[in-house]
Amino acid sequence: MYKSLIRPLLFKLDPERAHHFTFNYLKWIHRLPGVPALIRAIYQVEHPALHREVFGLHFKNPVGLAAGLDKDAKLYKELSNMGFGFIEIGTITPKPQSGNPPKRLFRLIEDQAIINRMGFNNEGVAAAVERLKKNTNVLIGGNIGKNKITPNEQAVDDYMACFEALFNYVDYFVVNVSSPNTPNLRTLQEKEPLKALLTTLQTANSQKAKQKPILLKIAPDLTDDQLLDIIEIVQQTHIAGVIATNTTIAREHLISANQQETGGLSGKPLKQRSTEVIRFLHEKSGGAFPIIGVGGIFSEEDALEKLAAGASLIQLYTGFIYEGAGLIKRINKALINNANC
């Protein structure tokens, strides 16, 4: 019903307006008696074969929601009801910021893709913390970044501010230095600045009574030499793992008319490259650290491909928008069937 009825209606709206409409609708419908239980009964799949133990955390299934959809932790409970094993919020910055001016979100329907140049629009870490205080059982990742006005020389202060504020309310952290939509942010992926940032976060982490896993989210546009640097940095800083990958600035083989909009491209065109990055990191590191695979997952086969390439967990974003919550259920059922083969 989603692809035949709901999606065509939503796709008649401006993408950002459709996003806010959907969030408001899901929030409202979950207030109706019995609806949350009904949604869980329709979409959630429970089976021991789905359970995963990754970087010290227990996941009821390996299919998560990538950062970018629930930026401000407004809908993590409702989204969890749809069958996700974990929800990643953010990207969160210390101070609220409006992001880049509209129009900043574009559907590439012929390519089954999205281009966004949102620019870390969010209400700030304090607002997210207030909502996360109400969490009871959803496994949450906190994706953190820097404010646009913060110079790169002071970026570590922004990441540390988010780390300290969110520490008691998320299960793991993701350091986002790979978004193409904040000026000069990607320069923080260079070897020395990145090592310094992660070392500072890990030092603070080591001083906690119980440490939280810290992951690094990387761009798909890195060269092989840069990916080898990433492996070295992960091993030297002892962070928990990598998320591969963020959106791409590449535009090869697209057919949609609005393909040249600036911003990060996600969706089906990213599938092959993200899998290549996962496989490269896994093989070159000898499986030394967990990888969360994200990028172009639109089917059960896409999900199994990411896991076969070396991902321990996967995340959905654009595929969830195009395919709906039924995709989560189909992937989890395929994982059960694959385990029973």
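Just so it is clear, the structure is predicted and the values come from calculations on it, not from any experiment.
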Identify, with sequence neighbours excluded, every residue that meets salt bridge (charged side-chain N to carboxylate O under 4.0 Å, His left out) alongside [X].
X      : value
Glu323 : Lys3, Arg330
Glu190 : none
Glu305 : none

What pairs with [X] under side chain to side chain donor-acceptor pair (under 3.5 Å), at least two apart in sequence or on another chain?
X      : result
Asp302 : Lys271, Ser299
Gln202 : Asn205
Lys74  : Glu123
Ser4   : none

Which residues, ordered by chain and number, are linked to Ile243 in its hydrophobic cluster, where ILVMFWY side chains connect at heavy-atom gaps below 4.5 Å, directly or through other members?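 In the cluster with Ile243 are Val54, Phe55, Leu57, Phe59, Phe86, Leu139, Tyr172, Val174, Leu215, Ile292, Val294, Leu313.
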What residues, two or more places apart in sequence or in another chain, satisfy ring-ring contact (aromatic ring centres under 6.0 Å, His included) together with Phe280?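 Checked Phe280 against ring-ring contact (aromatic ring centres under 6.0 Å, His included); zero matches.
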Below 3.5 Å, can you tabulate the donor-acceptor pairs from side chains in residues 28-39 to any protein atom, sequence neighbours excluded?
from: His30; atom 1: ND1; to: Leu26; atom 2: O; distance (Å): 2.9
from: His30; atom 1: NE2; to: Asn81; atom 2: ND2; distance (Å): 3.3

All pairs passing side chain to side chain donor-acceptor pair (under 3.5 Å) where residues 7-25 contributes a residue, at least two apart: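 Qualifying pairs, neighbours excluded: Glu16-Arg104.
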Residue pairs passing the salt bridge (Lys or Arg N to Asp or Glu O under 4.0 Å) test where at least one lies in residues 251-266, sequence neighbours excluded: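 Passing the test, one end in residues 251-266: Arg117-Glu261.
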Closer than 3.5 angstrom, by distance alone: can the side chain of Asn135 be matched with the main-chain N or O of Val138 as a donor-acceptor pair?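 A pair under 3.5 Å: yes.
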